[in-house]
Amino acid sequence: MGRRQFSLFSVFNYTVLTLFGLSMIYPFIYILVYSLNDGKDSMMGALYFYPRQFTLDNYVQIFDNAKIWQAYKITLLRTLLGTFLHVTLCTLMAYALSKKTLPGRTFFTFYIFLPTIFSAGFIPYFITLQKLHLINSFWVYVIPMLFSFFHIVIIRTFLQGIPEELEESARIDGYGDFQIFLRIILPLSGPVLATISLFIGVSHWNDWFSGAYYVSDKSLIPVQTLLQQMLTEAEALSSSMQRAAQQGGQTMNVNVAGATPESLRMALLVITVFPILCIYPFLQKYFVKGVMMGSVKG
């Protein structure tokens, strides 16, 4: 009887989890299907699981656009550089704050915690960036995101769980603080560093706000900002076409092959999401371990 109840529960559990997983995956399938379908044909709708008129023209036009390649380069560069600098600085600060012998440890902890509670607002922040000559600069993507108190706390808690005997034995061998950090602390901190890298890397990759409000140079716009602009243009074009058709008493011809702003947007969305989907499975094994060990100290 007990085995039967367990079996019924397992069937119910797997069924619910499968349906939940499919509900999470289907939006990606929907976007992929529309990106692989003819743009004008997609305007008729009723696309669910497979393209009705398969084409790669949307991706051809995306890859032929030099502006998109430039935006993709900016996004890739800011993600790699921003993630490396963020993890490096947060780890160094967390390592220092993990030492109980650090003079002013409580003051420094409170000092870096205070900005997470109080914010001056958008306008003072914009003025600060302007005074630092970061407006309309590539570094506006990197420098403001070098620090995160939440990430420092996770790394610090993880480092406090490393046995102190390891450092003491290294000091007996003549190692200094920097050598201990490089040769002992960093090799043992792989899980938490991979977790923080994933956090900040995704934040850099998905950030469109900075490019939209702090950068006017078209050559410095990241791909997510370009995607947001394409979405706005697609909605405006769709509205104008509908108004023109209503005023002229005509219907749009959807049988002519070709890409549309909507289909190009779907193709660009696939291209922007694909790198994160490829990287995440390799970091997943570190993700849970890093968060758990960096959040709770036994």
Side-chain angles (χ1 to χ4, degrees), residues 78-121 124-125 128-129 131-132 134 139-207 210 279-280 282-298:
R78 69 166 291 188
T79 301
L80 295 177
L81 183 60
T83 300
F84 173 77
L85 293 178
H86 178 92
V87 173
T88 300
L89 294 180
C90 287
T91 305
L92 288 171
M93 185 173 292
Y95 177 64
L97 294 177
S98 66
K99 303 304 175 185
K100 297 180 181 179
T101 57
L102 176 69
R105 178 171 178 248
T106 303
F107 169 77
F108 288 120
T109 302
F110 179 76
Y111 181 78
I112 63 177
F113 173 66
L114 192 63
T116 64
I117 304 177
F118 303 101
S119 174
Y125 179 70
T128 302
L129 295 179
K131 294 296 183 180
L132 294 175
L134 294 178
W139 295 104
V140 76
Y141 302 131
V142 178
I143 293 179
M145 298 181 68
L146 290 178
F147 163 83
S148 172
F149 178 77
F150 174 67
H151 294 169
I152 291 175
V153 170
I154 292 179
I155 300 174
R156 185 193 66 177
T157 308
F158 181 91
L159 297 181
Q160 287 175 341
I162 298 177
E164 295 182 0
E165 292 76 9
L166 293 175
E167 296 189 33
E168 293 176 358
S169 62
R171 293 187 187 278
I172 294 176
D173 293 336
Y175 283 17
D177 288 329
F178 195 68
Q179 289 177 310
I180 293 174
F181 177 77
L182 289 179
R183 299 189 179 185
I184 296 177
I185 301 301
L186 284 184
L188 295 176
S189 305
V192 71
L193 296 184
T195 302
I196 299 303
S197 298
L198 181 62
F199 282 160
I200 189 64
V202 172
S203 298
H204 272 290
W205 190 269
N206 291 335
D207 178 37
S210 300
I279 294 174
Y280 183 78
F282 296 98
L283 298 179
Q284 184 179 11
K285 61 180 179 180
Y286 301 108
F287 184 76
V288 176
K289 183 179 178 181
V291 171
M292 293 300 295
M293 296 184 67
S295 301
V296 180
K297 182 181 179 183

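Please read these numbers as outputs of a predicted model, since none were measured by experiment.
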Spacing of [X] atom [atom1] and [Y] atom [atom2] [to the nearest 0.5 Å]:
X: Thr109; Y: Leu114; atom1: OG1; atom2: CG; value: 12.5 Å
X: Ile152; Y: Phe113; atom1: CD1; atom2: CZ; value: 12.5 Å
X: Ile154; Y: Thr195; atom1: CD1; atom2: OG1; value: 8.0 Å
X: Ile112; Y: Phe149; atom1: CD1; atom2: CZ; value: 5.5 Å
X: Lys99; Y: Leu97; atom1: NZ; atom2: CG; value: 11.5 Å

Side chain to side chain contact (heavy atoms under 4.5 Å, CB included) assessment of Ile162 paired with Leu159: CA-CA 5 Å; Ile162 298 177; Leu159 297 181; 3.9 Å; yes
By the salt bridge (Lys or Arg N to Asp or Glu O under 4.0 Å) test, which pairs, at least two apart or in different chains, include something from residues 85-94?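 The answer is none; no pair qualifies.
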Which salt bridge (Lys or Arg N to Asp or Glu O under 4.0 Å) pairs, counting each pair once, include a residue from residues 193-204, with sequence neighbours left out? none
Of all residues at least two apart in sequence or in a different chain, which pass the salt bridge (Lys or Arg N to Asp or Glu O under 4.0 Å) check with Arg105?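 By the salt bridge (Lys or Arg N to Asp or Glu O under 4.0 Å) rule, Arg105 matches no residue at all.
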Quick one: side chains of residues 83-91, donor-acceptor pairs under 3.5 Å with protein atoms, not counting sequence neighbours, listed by atom name and distance.
{"from": "Thr83", "atom 1": "OG1", "to": "Thr79", "atom 2": "O", "distance (Å)": "2.6"}
{"from": "His86", "atom 1": "ND1", "to": "Met145", "atom 2": "O", "distance (Å)": "2.7"}
{"from": "His86", "atom 1": "ND1", "to": "Leu146", "atom 2": "O", "distance (Å)": "3.3"}
{"from": "His86", "atom 1": "NE2", "to": "His151", "atom 2": "ND1", "distance (Å)": "2.8"}
{"from": "Thr88", "atom 1": "OG1", "to": "Phe84", "atom 2": "O", "distance (Å)": "2.7"}
{"from": "Thr91", "atom 1": "OG1", "to": "Val87", "atom 2": "O", "distance (Å)": "2.5"}

Taking the side chain as every heavy atom from C-beta outward, state whether Val202 and Trp205 have any atom pair closer than 4.5 Å. no
Min side-chain heavy-atom separation Leu193-Phe158 under 4.5 Å: no
Identify the two heavy atoms, one from Gly82 and one from Val142, that lie closest to each other, and give their separation to 0.1 Å.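 The pair with the smallest heavy-atom distance is CA-CG1, 4.1 Å.
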Considering non-hydrogen atoms only, spot the tightest contact between Trp139 and Pro144 and give its length.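 Smallest interatomic distance, heavy atoms only, reads O-CD, 3.6 Å.
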The test is side chain to side chain contact (heavy atoms under 4.5 Å, CB included); show your working for Leu80 and His204 and say whether it passes. CA-CA 9 Å; Leu80 295 177; His204 272 290; over 6 Å; no
Should the pair Lys100-Glu164 be classified as a salt bridge under the 4.0 Å nitrogen-to-oxygen rule?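 Judged by the 4.0 Å cut-off on N to carboxylate O distance, Lys100 and Glu164 do not form a salt bridge.
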Kindly state each residue pair satisfying side-chain hydrogen bond (donor to acceptor under 3.5 Å, both in side chains) with at least one member in residues 174-186, sequence neighbours excluded.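 Found Arg171-Asp177, Tyr175-Arg183.
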I would like to know whether Ile155 and Tyr95 meet side chain to side chain contact (heavy atoms under 4.5 Å, CB included); could you show each step before the answer? CA-CA 8 Å; Ile155 300 174; Tyr95 177 64; over 6 Å; no
As a quick check of understanding, evaluate side chain to side chain contact (heavy atoms under 4.5 Å, CB included) for Ile143 and Leu129, giving each step before the final call. CA-CA 10 Å; Ile143 293 179; Leu129 295 179; over 6 Å; no
Who passes side-chain hydrogen bond (donor to acceptor under 3.5 Å, both in side chains) against Ser148, sequence neighbours left out? none
